[in-house]
Visitor: 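I am attaching a structure below and will ask some questions about it afterwards.
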Amino acid sequence: MARLAQTAGLTDVQQEILSTVRDFVDKEIIPVATELEHRDEYPQQIVDGLKELGLFGLMIPEEYGGLGESLLTYALCVEEIARGWMSVSGIINTHFIVAYMLKQHGTQEQKEHFLPRMAAGDVRGAFSMSEPGLGSDVSAITSKAVKDGEEYVLNGQKMWLTNGGTSSLVAVLVRSDEGHPEGTAPHKSMTTFLVEKEPGFGEVRPGLTIPGKIDKMGYKGVDTTELIMDGLRVPDDRVLGGVTGRGFYQMMDGVEVGRVNVAARGCGVAQRAFELGVRYAQQRHTFGKPIAQHQAIQFKLAEMATKVEAAHAMMVNAARKKDSGERNDLEAGMAKYLASEYCKEVVEDAFRIHGGYGFSKEYEIERLYREAPMLLIGEGTAEIQKMIIGRRLLEEYRFEG
């Protein structure tokens, strides 16, 4: 079947990787996604398949056992996986944010200790910024680390951890006033700690509790949890990069990767919604002909396809900008904002094309309709993206007068 959202300029290796992933999605994910999602069941067999394909090491350098691929390759793989089931793309997203942060900011010892096992999929990553009392205001974090000899003692409650239960390594952002005098700006007194734990729920190591899964409207299968630290002791060699006070910048660097990922997820979900809509429009008959022959439906399909193309182009641009080593917060913010908004609109149009059947759990579009809203929130709301975009535009187009 002809496809939207093709990407020019890919290498033979990239095309082979994407072809393999797409084949896996069509055969191993799409046939079982809706059933697993309705049961809110963790897709262990799918995750094992991704592990066999080497996808957990996709962006990890070859020297640490990974494939050493670009953010663009990763984003395009995420797009394909989200087309099958968005929850699966969430499982690898947080893993790669942590791997990227380690690659960019970790000490040599930290890289050697974690990255080979992460590349093999034996260590799964999660990252934690949010807390119950704050949303996008990261500077309001209250969780705290206090130095005690060669360890830090961490206390506080974190929220909205994707892979909180199934992960074995969590990058946690907390306040650390040690070495930072009173009056230091909040974002300069935060530190990222690499916290190792056992997968599962309850007390997963002394001082660290994962209470259980949060029940969600959509985005099921993948575990989303809280994290409670009560006297959690972490060695000082597990400060990311070995120096306190850099956590905010490290996390924001990782979130830029995450925003490209969310944009890619939006593209994948929108592509699937378009596929479902255009197929159903040719199968469903009203007034003696397929509804695809009605002009109103053709207008919807035209708008849907154009949005899919536009979102994909912006996502690819943001990924390539990051790969070039340039600052990409403007492009990542634009891509995340546009792709998530367009995804919601394309899914809703596909839902409308299905009519009453779109409301039935027997049809895949019902699942997509519940999944799309998460993309409006994850890695920063539309309003946060607009703030980032607006500020960056004023930097770029500063008027001196």
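Hydrogens, waters and symmetry mates play no part in the numbers below; they use all other heavy atoms, side chains included. Here, residue 1 is the first one in the sequence, and each next residue gets the next number.
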Visitor: When you check the gap from the basic side-chain N to the acidic O, do Asp26 and Arg83 get nearer than 4.0 Å?
Guide: yes
Visitor: Please identify each residue that fulfils side-chain hydrogen bond (donor to acceptor under 3.5 Å, both in side chains) with Thr224, with sequence neighbours left out.
Guide: Lys216
Visitor: Going by side chain to side chain donor-acceptor pair (under 3.5 Å), name the pairs with one or both residues in residues 58-67, residues two or more places apart or in two chains.
Guide: Tyr64-Gln108
Visitor: Under the salt bridge (charged side-chain N to carboxylate O under 4.0 Å, His left out) test, which residues partner Glu396, sequence neighbours left out?
Guide: Arg392
Visitor: Strictly by modelled atom types, are Glu362 and Ser360 linked by a side-chain donor-acceptor pair under 3.5 Å?
Guide: no
Visitor: Compute whether any side-chain donor of one residue and acceptor of the other, for Gln157 and Glu131, lie under 3.5 angstrom apart.
Guide: no
Visitor: Examine distances only and state if a side-chain atom of Lys213 and a backbone atom of Asp40 form a donor-acceptor pair shorter than 3.5 Å.
Guide: yes
Visitor: Taking 4.0 angstrom as the limit, do Glu196 and Arg238 come out as a salt bridge?
Guide: yes
Visitor: Would you check if there is a donor-acceptor pair between the side chains of Ser168 and Glu198 at a distance under 3.5 Å?
Guide: no
Visitor: Run the salt bridge (charged side-chain N to carboxylate O under 4.0 Å, His left out) test against Glu379 and tell me which residues pass, sequence neighbours left out.
Guide: none
Visitor: For Glu16, enumerate each residue passing the salt bridge (charged side-chain N to carboxylate O under 4.0 Å, His left out) test, keeping only those at least two apart in sequence or located in another chain.
Guide: none
Visitor: Can you confirm whether the side chains of Thr286 and His294 place a donor and an acceptor under 3.5 Å from each other?
Guide: yes
Visitor: When you check the gap from the basic side-chain N to the acidic O, do Lys307 and Glu303 get nearer than 4.0 Å?
Guide: no
Visitor: Looking only at side-chain N and O atoms, does His105 offer a donor or acceptor that is under 3.5 Å from a partner on Asp253?
Guide: yes
Visitor: Keeping the roles fixed (side chain from Gln110, backbone from Asp237), state whether a donor-acceptor pair exists under 3.5 Å.
Guide: yes
Visitor: Regarding Thr73 and Gln14, is there a side-chain donor-to-acceptor distance under 3.5 Å anywhere?
Guide: yes
Visitor: side-chain hydrogen bond (donor to acceptor under 3.5 Å, both in side chains) with Glu41: which residues, sequence neighbours excluded?
Guide: Arg39
Visitor: Find the distance between CZ (Arg205) and OG1 (Thr209) and round it off to the nearest 0.5 Å.
Guide: 11.5 Å
Visitor: Could you walk me through whether Ser176 and Thr191 pass the side chain to side chain donor-acceptor pair (under 3.5 Å) test, one step at a time?
Guide: CA-CA 6 Å; Ser176 57; Thr191 299; 2.4 Å; yes
Visitor: Between Lys344 and Glu348, is there a side-chain N and carboxylate O pair less than 4.0 Å apart?
Guide: no
